[in-house]
Amino acid sequence: MLNFRKEERLTNKKIINSLFIKGSSFFIYPFSIKWNIITATFKFPSQILISIPKRNFKKAVDRNKLKRLVRDAYRINKSILSESISDSDKKFVFTLIYTEKEIVDFKLIHEKIILILQRLLKEHEKIAK
RNA sequence: ACAACAGUUCGUUCUAUCGCUGCUUUACUUAGGUGAGGGAGAGGAAAGUCCGGGCAACAUAGAGCGCCAUACUUCCUAACGGGAAGGUACAUUGAGUAAUUGAUGUAACAGAGAGUGCCACAGAAAAUAACCGCCCCGUUUAAUGCAGGGUAAGGGUGAAAAUGUGAGGUAAGAGCUCACGUUGUAUUAUGGCAACAUAGCACAAGGGUAAACCUUAUGGGUUGAAAGACCAAAUAUACCGGUUGAUAAGGGCUGCUCGUCCAAUGCCGGGGGGUAGGUCGUUAGAGAUUAUUGGCGACAAUAAUAGUAGAUAAAUGAUAGAAGUCCUUUUACAAGGAAACAGAACCCGGCUUACAGAACUGUUGUUUUU
């Protein structure tokens, strides 16, 4: 299942606000991650928000390109999360904020996304216990 | 052939795997949805948001003042501050002894005979000009000097100094007068739709600056798709109906008692506004392409053709490979590298700005060959 549908994107304003106020956070280069666990009814185990600051990338073309790279990396690797926590009521909500000021390789992003997802999985296990 | 300038067109292509957003066909499903197939999916500027228009909501008796914008003429257009053709002025350049003329470019190109303001430095003086000089007169024996006056011909300064040259005239001078010019205004004739041009006649000539205020003429209601229209969970609930309801307290009918009505609580149903969310607006249009006709041209008319993005924390992508183009290295094979500016957001017409490279057309210049 390498889909990436609209339901997997974080679009609800209230959830976004609560994420930025209450969410925990950590940092893996070049991303800063904020995450939270909520009870919700949507189908997928997680919702994601990819954020590229306009301050670092003034041109819309660059922001689009980065967003697509990150999204594709997530799409390929998201099974790490979905296999372990598919049947829980608690849903993952997290945001990736790109902090580097230049565009990096797809391969690097790919590796880092795997690291991030593994870290998130550990956090989830802690809470589950 | 090369270079410069101007204009027009284009803005890498293909394959495989994994995806994204609409559309459509079909199977399953109570519905919601799920699966499979097909086909579509960023630009010449999508950008800046600088003008104009459509569309929408709100406002709106009429007039004046204010504010903003525009400013040679005619035409094009839905409209424009855009475009086309032309006029005028200036600049560059080619031809020519010259008069003149060809080409290209630039122009906030109405008014400085309405008023107010400003004009650095230099200079006597920057706008009711007297520093030097020239001349007259007074004083003095006379000269110098001093006092009073006339004078814009000469001097130097400056971006700019009071209409140029010549003659007359005068104490010296001066458009003071005259001739030939220059510029402006009014007017007549001819040509032109007009701006304007040419010729005549009259009057005037005491600077520049309106992207300083201003005057004149013309135009402008405000806000923008986050406009606006509709549907509508959950929760709370105006209001309505039903049901429940203690013989307690309260209010109306009354002076009092009884009686009766209202109301208080919970539940059920209806119901309005309306939040999350959704649908429409929203992509067939002052459209595009091709041909013909009309027009110097912008453009218009007619006919034919195809159906061509529609997201909403926002799709149009990622990976791998191949081909072509350009650059570097190399005799070559080949190897390495590069590919600009930039991402639709209601829709059109323009303008402005950014842009690797490619192709074509025209003009000018240089060189070579015939």
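Sequence lines set the chain letters: A, B, ... in the order given, protein chains first and strands last, and positions in each chain run from 1.
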statement: As its Watson-Crick or G-U partner within any shown strand, both distances under 3.5 Å, B/C180 has B/G164
task: Using a 4.0 Å heavy-atom cut-off across all strands, classify A/Lys58 as base, sugar-phosphate, or nothing.
output: nothing
- request: Would you mind calling B/G105 syn or anti? Take O4'-C1'-N9-C4 for purines or O4'-C1'-N1-C2 for pyrimidines, and syn is within 90° of 0.
  value: anti
- prompt: When rounded to the nearest Å, what value does the distance between P atoms of B/C76 and B/A98 take?
  reply: 45 Å
Length of the line joining A/Arg75:CZ and B/A318:P, which is rounded to integer Å: 11 Å
- line: To the nearest 0.5 Å, atom OG of A/Ser51 lies from atom OH of A/Tyr98 at 12.5 Å
message: Give me syn or anti for B/G44, where syn covers glycosidic angles within 90 degrees of 0.
response: syn
field: Listed nucleotide nearest any side-chain atom of A/Lys65, set B/A313, B/G19, B/A318
entry: B/A318
message: Please name the nucleotide paired to B/A124 by Watson-Crick or G-U wobble geometry with both distances under 3.5 Å, or report none.
response: none
- prompt: Taking O4'-C1'-N9-C4 for purines and O4'-C1'-N1-C2 for pyrimidines, is B/A42 syn (within 90° of 0) or anti?
  reply: syn
- prompt: Taking the P atom of each, how far is B/U275 from B/A318, in whole Å?
  reply: 40 Å
task: Give a yes or no on whether the backbone of A/Ile52 and the side-chain of A/Arg63 come within a donor-acceptor separation of less than 3.5 Å.
output: no
- prompt: If the C1' atom of B/C176 is compared with that of B/G169, how far apart are they to the nearest Å?
  reply: 8 Å
- line: Heavy-atom closest pair (A/Thr99 atom, A/Asn56 atom, distance to 0.1 Å) is O-ND2, 3.7 Å
query: How many Å lie between CD1 on A/Ile109 and C1' on B/G317, as a whole number?
result: 13 Å
message: Counting only Watson-Crick pairs (N1-N3 plus N6-O4 or O6-N4) and G-U wobbles (N1-O2, O6-N3), all under 3.5 Å, who is the partner of B/C75?
response: B/G83
message: In whole Å, measure the gap between the C1' atoms of B/A125 and B/G158 for me.
response: 12 Å
- prompt: Does B/G113 fall in syn (glycosidic angle within 90° of 0) or anti?
  reply: syn
message: Say we look at B/U352 and B/G81: how far apart would their C1' atoms be, to the nearest angstrom?
response: 13 Å
task: Using whole Å, report how far CZ of A/Arg63 lies from C1' of B/G317.
output: 18 Å
query: How far, in whole Å, is B/A161 from B/A124 if one measures between their C1' atoms?
result: 12 Å
Any donor-acceptor pair under 3.5 Å from A/Thr95 side chain to A/Leu49 backbone: yes
task: Write down the partner of B/U243 under the Watson-Crick or G-U wobble criteria, each distance required to be under 3.5 Å.
output: B/G266
query: Quick one: A/Leu66 CG to B/G343 P, roughly how many Å, whole number?
result: 14 Å
Gap in Å between the two C1' atoms, one belonging to B/U170 and one to B/U198, rounded: 42 Å
task: Could you tell me which nucleotide pairs with B/C360 by Watson-Crick or G-U wobble geometry, both distances under 3.5 Å, or answer none if nothing does?
output: B/G7
message: Does B/U163 count as syn, meaning its glycosidic angle lies within 90° of 0, or as anti?
response: anti
- line: By the Watson-Crick or G-U definition, both distances under 3.5 Å, B/A334 is matched with B/U329
task: For B/U254 and B/G241, measure between their C1' atoms and round to the nearest Å.
output: 32 Å
message: Counting only Watson-Crick pairs (N1-N3 plus N6-O4 or O6-N4) and G-U wobbles (N1-O2, O6-N3), all under 3.5 Å, who is the partner of B/A298?
response: none
field: Which atom of A/Lys34 lies closest to which atom of A/Ser25, heavy atoms considered
entry: CG-CB, 3.8 Å
Distance test, side-chain N/O of A/Arg68 to OP1/OP2 of B/U316, below 4.0 Å: yes
task: Flag the pair A/Ile97 / A/Phe31 as yes when at least one side-chain heavy-atom distance between them is below 4.5 Å, and no otherwise.
output: no
statement: Result for 5'-nearest mapping on RNA chain B, choosing between A/Asn64 and A/Asp72, is A/Asp72
- prompt: Taking 4.0 angstrom as the limit, do A/Asp72 and A/Arg75 come out as a salt bridge?
  reply: yes
field: 5' precedence on RNA chain B between A/Leu69 and A/Lys59 (nearest-nucleotide basis)
entry: A/Leu69
task: Respond yes when some side-chain nitrogen or oxygen of A/Arg71 is under 4.0 Å from OP1 or OP2 of B/U316, and no when none is.
output: yes
- prompt: Is B/A27 paired to anything, Watson-Crick or G-U wobble with both distances less than 3.5 Å, and if yes, which nucleotide?
  reply: B/U34
- prompt: Can you check the A/Ile50 CD1 to B/A315 P distance for me, whole Å?
  reply: 10 Å
- prompt: Within less than 4.0 Å of OP1 or OP2 of B/G317, is there a side-chain N or O belonging to A/Lys67?
  reply: no
